[in-house]
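Working notes, beginning with the structure itself.
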Amino acid sequence: MTFSKHFKDLFKDVPEISYKGVDSKDPLSFRYYNPDQKVGDKTMAEHMRFAICYWHTLNWSGNDMFGSEIFSHPWLSNDISDIFEKAELKADHIFQMAQMMKIPFYAWHDRDVIAEGDTPKESVERLVKFSDYLLKKQEETGVKLLWGTANAFSNKRYSAGAGSNPNPEVFAFAASQVRTAMEVTHKLGGDNYVLWGGREGYDTLLNTNIAQEQDQLGKFMSLVVEHKHKIGFKGDILIEPKPKEPTKHQYDFDVATVYGFLKKYGLEKEIKVNIETNHAILAGHTMEHEIAMADALDIFGSIDINAGDYLLGWDTDQFPTDDLDMTKMMYYILKAGGLKKGGLNFDAKLRRQSCDVKDYLYAHVAGMDAGAHGLLSAHALLKDKVLDNFISERYKGWQSGFGKDILGGKLSLADIADKVENENINPQPVSGRQEMLEGMLNRYL
Ligand code: XLS
Ligand code: NI
Ligand code: NI
């Protein structure tokens, strides 16, 4: 696959991708996603806040661990030698794609936007200079920045991690990248700044001091937060949990682990999470578990929307097209109060065999539509309070009397035990009605 022409010219004969209603059989139309349609008090576009990502969309060449590249995009080849020309061409494409697919946001790593220079200073200057072009494209197209991040994992200097590296100079190099990436995100009006702990973990305990590495990471995050306030960036700082890959064990294992880490370093009010579906699965969780956990811990930020394959044990980053999965995801997003500064970033790549440029259109349209279907189903489920009513009934014992007194701290362990023994309390099991609830959920699809 290659882009023989600009994206918009390749598809100039494709009619505008628009909402055509549930009966539409056209794969380049939406059956559910109708951006201006109100769902509750927000439009669908406001609920979903979709973003297109630079890296899987334009940087990935289709290689996997057994196969070489099959997507030969012009900016990946050596035919264009001028770094800025390559960067412009790539930027033009990402904005054209976003516009064609009605995606209101985009997201990047520093190195996706423009290649690293020969020195740290040159790298910084390149990104800062090129960000004027991004700003111009944002103004021209109305596509906004959901988040920026720094790629502190691809270069060989990061083989043993960035902030958690045994060598302080590597920590420092990452600090240089993050400072600039965050300042550029701020300049471009980004809503969030993301830190995915690329190689912040270990391959073997035999050469690793976990306590030392955690303290380094705690320091790194504290410095990032301090700098955010110093430059007046009002967006959210987000950590993206992932349990493994590329390292055997990553420190930001899952939402609960990240929360423990934030608590330890006093950052739980400063940093939230960017939850990715495939990472949730790799951690042995479901996506809805991770969202519900983040909500319970009050650190829900944003979503990297994709799908994993339950039979393959790695981050396959597939496009999310399962309506039931999307319904569950959207339900817990709505329960968490919806996406505020966050969004649904397509951290997803085409399958290797989907090697036609048009597949980008099919993939995003299918993902957006499944998401919108999920939103509608989840909203109805929430509105009818199907699960809420059942759950409040299930826990009602804690709202008054004995239960309330226990939680309110009025009774000691001995008081509680005495009550059980004196009043002959002998509780019987109550049905949790799982199958009924699963059936009810399906009724809302
Ligand atoms: C990799 C991550 C990465 C982050 C951004 O698994 O998902 O793509 O989202 O660094
Ligand atoms: Ni991600
Ligand atoms: Ni990922």
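Since this is a predicted model, take the numbers as computed values, not measurements. Note that the numbering runs from 1 along the sequence shown for the chain.
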Residues His109, Phe153; criterion ring-ring contact (aromatic ring centres under 6.0 Å, His included); working and verdict: CA-CA 11 Å; His109 297 87; Phe153 46 88; 5.5 Å; yes

Verdict with supporting geometry, Glu16 and Lys102, salt bridge (charged side-chain N to carboxylate O under 4.0 Å, His left out): CA-CA 10 Å; Glu16 190 194 341; Lys102 299 199 159 64; 2.6 Å; yes

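- Remark: Lys244 NZ is loosely packed, at most 12 non-hydrogen atoms of other residues, nucleotides or ligands lying under 6.0 Å away.
- In this structure, the ring of His93 has its center no less than 6.0 angstrom from the ring center of Tyr360.
- Between Trp147 and Phe105, the distance from one ring center to the other does not fall under 6.0 angstrom.
- Ring geometry for Phe11 versus Phe7: interplanar angle over 60°, hence perpendicular rather than tilted (30 to 60°).
- Partners of Phe171 under the ring-ring contact (aromatic ring centres under 6.0 Å, His included) rule, at least two apart in sequence or in another chain, are Phe220.
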side-chain hydrogen bond (donor to acceptor under 3.5 Å, both in side chains) evaluation trace for Tyr106 with Gln138: CA-CA 10 Å; Tyr106 75 118; Gln138 286 184 201; 2.8 Å; yes

Steps toward salt bridge (charged side-chain N to carboxylate O under 4.0 Å, His left out) verdict (Lys340, Asp236): CA-CA 10 Å; Lys340 296 185 179 90; Asp236 284 334; over 6 Å; no

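- Environment of NZ in Lys383: sparse, with no more than 12 heavy atoms of neighbouring residues, nucleotides or ligands closer than 6.0 Å.
- The backbone N or O of Arg199 sits nowhere less than 3.5 Å from a side-chain atom of Gln250 that would complete a donor-acceptor pair.
- Relative to the six-membered ring of Phe173, Arg157 meets both conditions, a distance below 6.0 Å and an angle of at most 45° to the axis.
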Criterion salt bridge (charged side-chain N to carboxylate O under 4.0 Å, His left out) on Lys242 and Asp252, from CA distance to verdict: CA-CA 6 Å; Lys242 187 175 182 180; Asp252 303 328; over 6 Å; no

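- The 12-atom threshold is exceeded at NZ of Lys20, counting heavy atoms of other residues, nucleotides or ligands nearer than 6.0 Å.
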Working for salt bridge (charged side-chain N to carboxylate O under 4.0 Å, His left out), residues Arg126 and Glu122: CA-CA 6 Å; Arg126 275 187 186 174; Glu122 190 188 18; 3.5 Å; yes

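- Glu140 CD: more than 12 foreign heavy atoms inside a 6.0 Å radius.
- For Arg443, the CZ atom is loosely surrounded, since the number of other residues' heavy atoms within 6.0 Å does not exceed 12.
- Under the 6.0 Å cut-off for aromatic ring centres, Tyr33 and Phe50 qualify, their centroids lying closer than that.
- Relative to the ring axis of Tyr193, Lys228 does not place its NZ or CZ within 45° and under 6.0 Å from the centre.
- A cation-pi arrangement is found for Lys349 relative to Trp60, the charged atom lying closer than 6.0 Å to the ring centre and inside a 45° cone about the ring normal.
- With a 6.0 Å radius and a threshold of 12 heavy atoms from other residues, nucleotides or ligands, Asp298 has its CG atom at or below the threshold.
- When the options Met97, Met368, Arg49, Met48 are evaluated for a side chain to side chain contact (heavy atoms under 4.5 Å, CB included) with Ile103, the one that passes is Met368.
- For His364 and Phe346, the ring centers sit closer than 6.0 Å to each other.
- Counting non-hydrogen atoms of neighbouring residues, nucleotides and ligands closer than 6.0 angstrom, the NZ atom of Lys272 reaches no more than 12 such neighbours.
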